[in-house]
Amino acid sequence: MKNADILTGITTTGTPHLGNYVGAIRPAIESSREENKTSYYFLADYHAIIKCQEPKRIEQSALEVAATWIAMGLDTNKSIFYRQTDIPEIPELTWILTCVTAKGLMNRAHAYKAAVAENEADNNDPDKDITMGLFSYPILMAADILMFNAKKVPVGRDQIQHIEMTRDIAGRFNHLFGEHFILPEAVVDEKSAVLSGLDGRKMSKSYNNTIPLFESEKNLRKLIMKITTNSLAPEEPKDPENCTLFAIYKAFATLDEIKAMEKRYKAGIAWGVMKQELFEYLNEVLREPRDTYNRLIKSPADLDAILKQGALRAREYSVLFLEKLRRAVGINRLC
Ligand code: TRP
C-alpha cells in the first residue's frame, strides 16, 4: 500500500448536516475520484471521546458519518475508508510522538487556550474540566497524519494550527531519528461554501441551527420553513446575496438554475414560495442517497464490512511503517 496523497479525518460526535456536506464531505468525495491519487478518509473516533462521554452518541455518530459518506458516493475501492480505532498503530505512534513533543508547543494550541481562558473568565481553576486528552489532542492528530505519511490534508480553517504542529512534531522526530516523515500541508478549500443555518449564523452543531442531511421528507420541509429571512413582502425585489435560502440553493443548483433564481429574486419571489422551491429541489437531490443511507443505517453489518476492508488496507501501510519507526527509536518487538 502507498502512503497518502490526501488524508482527512472526521470527528464522530454529531449527525452530518448540509454544512458538513458542502464544506467537507463533497470536496473530499470529489478528490477521492481523482486518478492516481491515494486518498485516506477516516472516522476520528478516538478524537470523538475527548469531547463526548456518551457511548450511545459516539456509536450512533460513527454509524451515521460512515453511512453518509457511502450514501453520498464515496468510492471505497479507490479510496481507503476506515475507523481510527481499527488501526492500533495510531495510538502506539501517538505515544512515540508524545515523547518528542514539547509541552510548550501544546500550551499554545487554540482549543486548549480557549478552554483555559474560559475558566479564568469564570474565576475557576484554570485546569477545570481540562483532560489530558484535550491537552494532547494535537499529538493524536499528528499521529493520524504521520502514520500514513500524508502529503495533503484538507481541513477547515480552525484546524490549520494542528497541521502546523504536526509539521513541528515530524521535524523534531526527523531531526532526532532520521528522515522518516514527510511534512504534511494543510489544504483549505477557498471555493467550498460555508452555509448558514436556520438562524443565519454559520451552520454548526454548536449553534444548534443545522439541517441534518437525511431528515425525513417531512422534517426537511419543516426545517426549511424555519429558516430566518428578512421581512420583505412578496413582490418586493430581494437580494440573493446574504440570503440563507439562496446560499443553500446555490450550493446544489447548476449555473443556469442559479442565474434563473437570481432573476426571480430581483422580481420579488415570495419567501414562502422560495422555501417551498428550495425544499423540493433539495428533496430531489437527497431522495436517492437518503434511501441508501436509511438502508445502511439499518444494516450496520454492510458498513462494518466496508470499514473493515478499509482498515485492512490501511494497515498494510501502518504495520510496516510503525515497525520501522519503533526500530528507529531503539525498540524491537518480540511478539
Ligand atoms: N480534528 C479534526 C476536526 O475536528 C478531525 C481530525 C482528526 C483530522 N484527525 C485528523 C483531520 C487528521 C485531518 C487529519 O475537524
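All values reported here derive from a predicted model rather than from experimental measurement. Just so you know, ligand 1 is whichever comes first in the structure, and atom 1 is the first atom listed for that ligand.
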Sorted by chain and number, the residues that approach ligand 1 to under 4.0 Å with a heavy atom = Leu7, Thr8, Gly9, Thr11, Phe42, Ala44, His47, Tyr137, Met141, Asp144, Ile145, Val153, Val155, Gln159
Is the shortest distance from a Lys or Arg side-chain nitrogen in Asp125 or Lys128 to a carboxylate oxygen in the other one below 4.0 Å?
-> no
Quick one: do Glu316 and Arg313 make a salt bridge, cutoff under 4.0 Å?
-> no
Partners passing side chain to side chain donor-acceptor pair (under 3.5 Å) against Ser318 (at least two apart in sequence or in another chain) = Glu89
Decide, yes or no, whether a salt bridge links Lys37 with Glu34 under the criterion of side-chain N to carboxylate O below 4.0 Å.
-> yes
Residue pairs passing the side chain to side chain donor-acceptor pair (under 3.5 Å) test with at least one member in residues 284-302, sequence neighbours excluded, are Asn283-Arg290, Glu284-Arg287, Ser299-Asp302
Sorted by chain and residue number, the side chain to side chain donor-acceptor pair (under 3.5 Å) partners of Thr85 (sequence neighbours excluded) come out as Asp45
